[in-house]
Amino acid sequence: MPQPGTADERKLAHARVQFLTAERVDPRDVRDTILASWWRSHRKKVAADHIELPYVRNPDLELPLARSATPILRRLSEQLDGQAISVILTDPAGVVLERLTGDGDLHRHLDGINLAPGFSYAEEFVGTNGIGTALEGGRPMHVFGHEHYAEDLEDLACAGVPIQHPITGKTVGAVDLTCWRRDAGPLMIALAKTTADQIRQALLVDSGVRELELFQAYLQACRRTTGMVLALNNDVVIMNDPARHLLDPGDQSVLLERASEALAGGHRAPVVVELPTGETARISCRPVERHNQVTGGIVHVTLIRPDEEPATAPRPRKLLPELAGTAPAWLRCCQEVDRAFGAREWLLLSGEPGTGKLALARAVQHRHHPDRRIHVVDAGTPDAVPRVVAELRERSTVVITHLDRLPDPHPLVELLAEHRKTRWVAATHTGAIAPELAQCFGRTVEVPPLRHHIEDLRELVPLFLARLSHGTGLTCAHDAMQLLTRSTWPGNAAQLYQVLRQIVQNRRRTGVITPDDLPPDYHAVSRRLLSQLESMERDAIVRSLLANHGNKKRAAEALGMSRATIYRKIHDYGILAPRGS
């Protein structure tokens with residue numbers, strides 16, 4: 001590592017300036033891993049001259065990682081007492097969960113750069129640093145002085161190590177040691193690695209006990225019934241043979257989500273679930289506890305016959321009738337937005353593009369004040385702030401969309417601070433926004449992506465078709481609906497609307513939409529990102545299968561390939577072939 005004041009450090013500082021001013025950098029002056037991180041930071045448009053980080057008000061300190069790591073980190077901090085070294089734990093998104101610092105000057109400095117609980121030090125927000133770059137690369141990383149992308153970090157040295165869960169192998173967080181650049185030594189990264197290993201071992205011990213208790217409860221439940229039984233916690237899902245054989249994979253996913261919500265909410269009464277395949281199931285959940293904390297649960301599943309009346313759980317009532325969806329995740333989101341409006345709390349709606357953030361704000365406004373208009377201002381337009389000024393002066397209900405596209409947040413922050421008595425202000429965003437802008441809003445609601453309430457697609461499709469077909473009675477066949485529910489819908493409800501719009505415009509305006517009417521990529525469940533050539537081949541196979549009514553031999557002959565090849569391609573591309581011979 002370059003020592004303070006040495007020629008190597010001066011070369012590194014010069015190389016950083018060259019990089020930031022778009023000059024050629026001599027690769028001998030910068031480590032390959034650091035230069036690669038600088039380029040990632042540059043492509044993500046990370047600011048080098050200041051730090052703006054997203055903030056989580058209440059980071060989850062009840063995570064298994066935090067419970068297992070805290071005693072280890074405190075022992076290490078006690079051993080380092082009196083030394084200017086900070087011990088830091090983060091979640092997998094780089095959000096700081098805990099920071100232990102024994103030196104007052106270093107403590108105040110870290111506060112000044114927001115290296116503190118609740119702030120994310122992911123590489124996409126702060127550039128090259130020990131935490132974010134270790135998480136990005138999935139391996140231990142030390143970053144010293146001028147190797148940091150942001151100039152506010154140049155006086156520091158840090159060594160970060162990702163923490164992988166010992167059972168699932170997933171990255172669950174990172175441990176980081178940060179000190180002054182002048183005090184950095186080669187043992188920092190070794191100490192961080194040792195600490196990460198100790199945390200992994202603690203996670204293994206804790207997970208082993210929890211998994212064993214869950215497995216014992218599962219075996220007990222299986223001995224008492226011949227029906228479908230599932231067991232689950234944050235890391236493990238177990239299901240017996242009846243559940244595997246009788247439940248479609250899409251149905252399994254929905255049941256597991258609903259069971260997780262019931263266990264987390266402490267619901268003991270049976271829950272009726274509408275499944276993507278059209279089946280209806282009743283689930284009963286029993287928690288498995290350890291030290292008075294729910295660590296998992298046992299789920300009994302019963303399919304309900306069409307002639308059986310599910311009297312145990314009435315269908316959820318829609319809070320916002322003009323919006324489709326009754327899944328718990330969606331209803332909970334609607335309730336939070338409605339409460340914010342009722343309490344006159346300014347609201348921040350976050351989530352992926354196309355999830356329905358603006359539609360939610362409109363529906364809540366209409367529910368409470370159907371006679372009043374709602375004014376929408378796109379923060380990405382040049383005249384956004386003057387338009388917000390005009391609407392606020394009229395005491396209108398204002399929704400500011402695409403808040404993450406605002407070039408400079410400060411004028412809007414000052415403006416919002418002056419209009420606290422406005423009836424209601426909401427804003428939407430998909431990317432990171434400045435912390436001071438987020439603090440203008442009293443409540444933040446995360447709008448769930450469609451894949452997290454996929455069962456609502458059965459209500460969304462008829463709603464969208466009614467709008468698009470202008471009352472011609474166009475409907476969707478059961479097998480076509482099954483194909484739609486198997487998609488992950490990365491563009492969410494907006495993507496679903498566009499797909500249906502293309503079908504109505506180009507394929508069918510009346511009658512019933514069948515699988516033949518769907519685009520070829522909705523006949524497959526993608527296991528990986530396909531190249532353009534692979535996508536074309538997949539689409540050709542789908543069209544041939546449809547033209548030959550699912551007969552793979554005839555489809556292969558039509559394409560000039562062997563039957564063995566088409567079977568392999570169907571599997572590789574995840575094609576859901578039509579029923580046939």
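Position 1 is the first residue of the sequence, and the numbers go up from there. All values reported here derive from a predicted model rather than from experimental measurement.
- Between Val364 and Leu347, every side-chain heavy-atom pair lies at or beyond the 4.5 Å cut-off.
- Annotation: side chain of Leu247 is in contact with side chain of Leu255 (closest heavy-atom distance under 4.5 Å).
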Before you tell me yes or no, could you show the steps for Leu465 and Ile513 under side chain to side chain contact (heavy atoms under 4.5 Å, CB included), namely the whole-Å CA-CA distance, both residues' side-chain angles and the distance that decides it to 0.1 Å? CA-CA 10 Å; Leu465 288 180; Ile513 293 173; 3.7 Å; yes

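- In this structure, Leu463 and Ala324 approach most closely via the heavy-atom pair CD2-CB, 3.9 Å.
- Formation of a donor-acceptor pair under 3.5 Å by the Trp330 side chain with backbone atoms of Leu450 is not found in this model.
- Across Asp456 and Ala327, no two heavy atoms sit closer than the pair OD1-N, 3.1 Å.
- Residues satisfying the ring-ring contact (aromatic ring centres under 6.0 Å, His included) criterion with His366, sequence neighbours excluded, are absent altogether.
- Side chain of Thr485 to backbone of Gln482: a donor-acceptor contact under 3.5 angstrom is found.
- Residue pairs meeting the salt bridge (Lys or Arg N to Asp or Glu O under 4.0 Å) criterion with at least one member in residues 440-451, sequence neighbours excluded, are Glu345-Arg443, Glu352-Arg451.
- Residues passing the side-chain contact (heavy atoms from CB on, under 4.5 Å) test with Ala217 are Arg286, Val288, Ile298, sequence neighbours excluded.
- Side-chain contact between Arg282 and Val271 is absent, with no heavy-atom pair separated by less than 4.5 Å.
- For the ring pair (Phe, Tyr, Trp, His ring centres under 6.0 Å) condition, the pairs that include at least one residue of residues 461-485, sequence neighbours left out, are Phe464-Tyr497.
- For the side-chain contact (heavy atoms from CB on, under 4.5 Å) test, residues two or more places apart in sequence or in another chain that qualify with Thr475 are Val512.
- Leu135 and Ala174 get closest at one heavy-atom pair: CD2-CB, 3.9 Å.
- Remark: Arg362 engages no residue in a salt bridge (Lys or Arg N to Asp or Glu O under 4.0 Å) (not counting sequence neighbours).
- Glu455 places no side-chain N or O within donor-acceptor distance of the main-chain N or O of Leu275, the cut-off being under 3.5 Å.
- Residues passing the side-chain contact (heavy atoms from CB on, under 4.5 Å) test with Ala262, sequence neighbours excluded: His267, Cys285.
- Side chains of Asp404 and Thr430: a donor-acceptor N/O pair is present below 3.5 angstrom, by distance only.
- Taking both residues in full, the closest heavy atoms of Leu483 and Pro515 are given as CD1-CB, 3.8 Å, listed atom of the first, atom of the second, then distance.
- Judged purely by atom type and a 3.5 angstrom limit, Ser260 uses its side chain to pair as donor or acceptor with the backbone of Leu256.
- Nearest heavy atoms, Ile454 versus Ser487: CD1-O, 4.1 Å.
- No side-chain donor-acceptor contact under 3.5 Å links Asn492 to the backbone of Pro449.
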Let me see the working for Thr280 and Leu303 under side chain to side chain contact (heavy atoms under 4.5 Å, CB included), right down to the final yes or no. CA-CA 6 Å; Thr280 303; Leu303 293 179; over 6 Å; no

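- The backbone N or O of Thr514 sits less than 3.5 Å from a side-chain atom of Asp517, completing a donor-acceptor pair.
- In this structure, the side chains of Lys552 and Leu545 come closer than 4.5 Å at one or more pairs of heavy atoms.
- With sequence neighbours excluded, the residues satisfying ring-ring contact (aromatic ring centres under 6.0 Å, His included) with Phe341 are His368, His369, Trp424.
- Under the 3.5 Å distance criterion, the side-chain polar atoms of Arg507 are matched with a main-chain donor or acceptor of Asp516.
- Scored by the salt bridge (Lys or Arg N to Asp or Glu O under 4.0 Å) test, Glu136 finds Lys44 as partners (sequence neighbours excluded).
- The closest donor-acceptor contact from the side chain of Thr171 to the backbone of Gly173 lies at 3.5 Å or more, if one exists at all.
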Between Met228 and Met239, is the side chain to side chain contact (heavy atoms under 4.5 Å, CB included) condition met? List the steps. CA-CA 8 Å; Met228 292 181 280; Met239 61 180 71; over 6 Å; no

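- Open room surrounds CZ on Arg139; 12 or fewer heavy atoms of other groups in view lie less than 6.0 Å from it.
- Remark: side-chain polar atoms of Ser120 are paired, donor with acceptor, to backbone N or O of Ala93 under 3.5 angstrom.
- Counting all heavy atoms, side chain and backbone alike, Asn240 lies closest to Gly227 at ND2-O, 2.8 Å.
- In this structure, Trp346 and Phe441 have tilted ring planes: the angle between them lies in the 30° to 60° band.
- Listed by first then second residue, pairs satisfying salt bridge (Lys or Arg N to Asp or Glu O under 4.0 Å) with a partner in residues 323-335 read Glu261-Arg332, not counting sequence neighbours.
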For Ser41 and Glu123, run side chain to side chain contact (heavy atoms under 4.5 Å, CB included): C-alpha distance rounded to whole Å, both residues' side-chain angles, the deciding distance at 0.1 Å, then the answer. CA-CA 7 Å; Ser41 305; Glu123 193 179 73; 4.1 Å; yes

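- Residues satisfying the side-chain hydrogen bond (donor to acceptor under 3.5 Å, both in side chains) criterion with Asp91, sequence neighbours excluded, are absent altogether.
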Kindly indicate, with the supporting measurements, whether the criterion salt bridge (Lys or Arg N to Asp or Glu O under 4.0 Å) is fulfilled by Glu557 and Arg563. CA-CA 8 Å; Glu557 290 172 352; Arg563 191 172 182 180; over 6 Å; no

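- Every residue meeting the side-chain contact (heavy atoms from CB on, under 4.5 Å) condition with Ala558, not counting sequence neighbours, appears here in chain and number order: Ser544, Asn548.
- In this structure, CD1 on Ile400 lies 13.0 Å from NE2 on His375, to the nearest 0.5 angstrom.
- With 3.5 Å as the limit, one finds a donor-acceptor pair spanning the side chains of Gln498 and Arg501.
- A donor-acceptor pair under 3.5 Å links the side-chain atoms of Thr428 to the main chain of His402, judged by distance alone.
- Between Pro462 and Cys476, the closest side-chain pair of non-hydrogen atoms is not below 4.5 Å.
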